[in-house]
Amino acid sequence: MSPPIDFSLRRRTLLAGTAAAAAFSAVNRGGAAAQSSAAPAGPETSTVTLTVNGEPRELTVDNRTTLLDALREHLKLTGTKKGCDHGQCGACTCTVNGERINSCLSLAVMHDGDEVETIEGIGQPENLDPMQAAFVEHDGFQCGYCTPGQIQSARKVIEEIRAGIPSHVTGDLTAEIAITDAEIRERMSGNICRCGAYANILAAITQVAEESV
Amino acid sequence: MRAFSYEKPADPAAAAARAAEVEGAKFLAGGTNLLDLMKLEIETPLHVIDVNGLGLDEITETEEGGLRIGTLVTNTALSADARIRRDYPLLTRAIAAGATGQLRNKATTGGNLLQRTRCPYFYDTNQPCNKRVPGSGCAALSEGAFSRQLGVIGTSDACIATHPSDMAVAMRALDAVVETVTPTGMTREIPLEEFHLLPGDTPEQETALMPGELITHVRLPAPVGGVQEYHKVRDRASYAFALVSVALIRQADGSGRVALGGVAPKPWRSDAADAELPNGASAVMSVLLDGARPTEENAFKITLAERTLAAMLKES
C-alpha cells in the first residue's frame, strides 16, 4: 500500500475554506432558521470502529463527518473521490458490507461495526483487480477522477445482475437476467464521467463479465 | 451542516418517545435525502436518531395473504424480493425506475415515503419557499419561474411542489397501508391515500404523522393480479425524476387502477377515474385531472399523462 499523503495546509485548501465560509453566511439567510439559537442536547462527536480494507480502525469524529470524509481526511485513503458531495455523480462510491453506496450521503457514525472496502483495498498498481486491468486495457478513463467510483460500481453491477436484482431495463422479472449493454448502462447511471469515457467503460465491464463466467 | 447530537436506539417505541422528547430531533434511516438536505441546511436537526438498529428490515407474509414490509427494507431488497417480483411487479418496476443502484442500496421503504420534494425553489435557500420557510412566499409561482417539473393538480397558491417518489405511486395503486408507532407506544395504521397531505396554506406539513411518530412497516393487501406496468417519462433515460409517471393495473375484463406520479403533491389516484378505465385514457384523465391548475410551462403534463396511459392501454 502507498504511504499516506501528508496533509499540509496549502493555498488551495485556504481558498476553499474562505469560499465555504462565504457560502455558509449566504445559506443562513434563506435556510430553516427555526432552531438557530438552540444547541444540540448531547455530545457532538462519536467514536466509531470500522473495518476498512480488512483492517479494524477506530475514529473519533464530529457527528457531521460523512463516511467519505472519514475515509479521505481521517484515514488518508484518498482513492475514494469527492465529486458533487450530494449523491449525484458517484465518484465517492465505495462498498459497505458488500454493497455499493454513495459514501458522501452516509455519516461515519452510522457505520460502527461495518466493513468498508475502498479502491485501495481492491487492488494496487503491482496487483490490479481484473476490473482495474480492464479499465486500463480499454482506456476506460481520461482524467481518472471518476474512475475509483466507476470501478467500485462496475464490480458490483456484475454481482447484482448475477444475484437477480432487477433493473429498469430488465424484461421478464422472474427469469434469469442476461448481462447486456443495456443492463450495464442502466446500472452504471449513478456514475458520471465528465470526460465521456462511457463507451470504453462499457467495453471494460463487458470483458470482465465475459471472462468471469 | 449544523452540529447535532446522535443516538441509535434499539427499540421502535423508545425511538419515537425520544423523538418527541428531544428538541429538534429527526429520524435518520438511509440518509440519502436527509443528509443532502442537511448539507444545504434546509434540514437542521439538533439531534439525530439513527433508526438502523431497530430491526424492521424484513418482509413477512400477512394472514390476509399480503406482505408486511419493514420500514428499513432497502429499495434494492424490496424490488428484488421474489414475492414482490411475482405478485406485485408494479412495485418492482416503480422502484427500479427511480434513483441509482447506489442510492437504492441505502434508501429505505419508510424513508422513500418521507423524502422531500425536488422543487428547485425548495432547494435554493436564496429563494422564498413556503415549504422551507412558512410564510415566505412561493418562488415557483413568481413571474418567469421555471415550473416545468412542478405540479399541475392538488397544488395551492402557497405551493406547487410534487412528491418525487416512484415507489409511493405504485404503493398507492396497490392500496398500501402505513403502520406506525407513536411516542406513547401506541400503534396506528394510515392508508397511503391519507398519508401525504395536500399543501393548502400549510405546505410545510407534508404527512399525517404526528411529531415523533415513526413508520414501522408498510403493508400490502393480498395480490390483485392483472397486468401491472409502470411507465415513467423523464428528461433522461435513467436517473431523473418523473415529468409524468403512470402506474397501471389492468384486469382481463378491462377494469383496473391508475395512479400518477410527477403531477401532484402526492401519488394521484381516484376511484372515479379508475372506473373510467374501460372507456380509455381520455376518459380516465378527464376525471383524474379534472380541476388541474397547470402553469404555462407545465401544462404539457396533462397531455403527456393521457398519451402515456393511452400507449400503455394499447400495449397491455
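In what follows, chains carry the letters A, B, and so on, assigned in the order in which the sequence lines appear, proteins first and then strands, with residues in each chain numbered from 1. Remember, it's a predicted structure, so these values are computed and weren't measured experimentally.
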**Options A:Thr93, A:Ile165, A:Val109, ranked by heavy-atom pairs under 4.5 Å with chain B, top entry** = A:Val109
**Message:** For A:Gln207, is the CD atom crowded, meaning more than 12 foreign heavy atoms sit under 6.0 Å from it?
**Reply:** yes
**Item:** A:Pro166 vs B:Arg93 side-chain heavy atoms within contact, under 4.5 Å
**Value:** no
**Prompt:** Of all heavy-atom pairs between B:Val22 and A:Ala41, which one has the smallest distance, and what is that distance?
**Reply:** CG1-CB, 4.0 Å
**Prompt:** Does the side chain of A:His86 come within less than 4.5 Å of B:Leu40's, by heavy atoms?
**Reply:** yes
**Item:** B:Phe4/A:Asp62 under side chain to side chain contact (heavy atoms under 4.5 Å, CB included): CA gap, chis, key distance, verdict
**Value:** CA-CA 9 Å; B:Phe4 57 86; A:Asp62 187 303; 5.9 Å; no
**Request:** Determine yes or no for a side-chain-to-main-chain donor-acceptor pair under 3.5 angstrom, with B:Tyr6 supplying the side chain and A:Ser46 the backbone.
**Result:** no
**Any donor-acceptor pair under 3.5 Å from B:Arg85 side chain to A:Thr174 backbone** = no
**Complete:** Scanning both residues in full, the closest heavy-atom pair of B:Met1 with A:Arg64 reads O-NH1, 2.9 Å
**Request:** Decide yes or no on side chain to side chain contact (heavy atoms under 4.5 Å, CB included) for B:Lys8 and A:Asp112, but give the supporting numbers first.
**Result:** CA-CA 11 Å; B:Lys8 189 172 178 179; A:Asp112 193 38; 5.7 Å; no
**Message:** I need the single residue from A:Met188, A:Glu186, A:Arg187 that forms a side-chain contact (heavy atoms from CB on, under 4.5 Å) with B:Ser238. Which is it?
**Reply:** A:Glu186
**Asked** Using non-hydrogen atoms only, which part of B:Thr32 is less than 4.5 Å away from chain A: side chain, backbone, both, or neither?
**Response** both
**Message:** Please determine whether side chain to side chain contact (heavy atoms under 4.5 Å, CB included) holds for the pair B:Gln102 and A:Ser153, giving the CA-CA distance in whole Å, both sets of side-chain angles, and the decisive distance to 0.1 Å.
**Reply:** CA-CA 8 Å; B:Gln102 292 100 309; A:Ser153 260; 3.1 Å; yes
**Item:** Which atoms of B:Ile95 approach chain A - backbone, side chain, both or neither, heavy atom under 4.5 Å
**Value:** neither
**Message:** Given heavy-atom pairs under 4.5 angstrom as the criterion, report whether the side chain, backbone, both or neither of B:Ala82 touches chain A.
**Reply:** neither
**Request:** Please say whether more than 12 non-hydrogen atoms of neighbouring residues, nucleotides or ligands are located less than 6.0 Å from CZ in A:Arg194.
**Result:** no
**Message:** Any non-hydrogen side-chain atom of B:Asp36 less than 4.5 Å from a side-chain atom of A:Leu105?
**Reply:** yes
**Item:** A:Glu44 atom CD: more than 12 heavy-atom contacts under 6.0 Å
**Value:** yes
**Asked** Out of B:Leu35, B:Leu103, B:Asn105, which residue meets the side-chain contact (heavy atoms from CB on, under 4.5 Å) rule with A:Asn102?
**Response** B:Leu103
**Message:** Just verifying a value: how many Å separate B:Tyr88 OH and A:Leu173 CG, rounded to the nearest 0.5 Å?
**Reply:** 15.0 Å
**Heavy-atom neighbours of B:Asp201 CG exceed 12 at 6.0 Å** = no
**Message:** Can you confirm whether B:Lys106 sits close enough to A:Val96 that some side-chain heavy atom of one is under 4.5 Å from a side-chain heavy atom of the other?
**Reply:** no
**Asked** How far does NE2 of A:His111 sit from CG of B:Asp50, to the nearest 0.5 angstrom?
**Response** 9.0 Å
**Request:** With the side chain counted from C-beta on, respond yes when A:Asn63 and B:Val48 share a heavy-atom pair under 4.5 Å apart, and no when they do not.
**Result:** no
**Part of A:Glu160 lying under 4.5 Å from any heavy atom of chain B** = side chain
**Asked** If you take all heavy atoms of B:Leu46 and A:Ala38, which pair is closest and at what distance?
**Response** CD1-CB, 3.4 Å
**Item:** Portion of B:Ala240 that has a non-hydrogen atom of chain A nearer than 4.5 angstrom
**Value:** neither
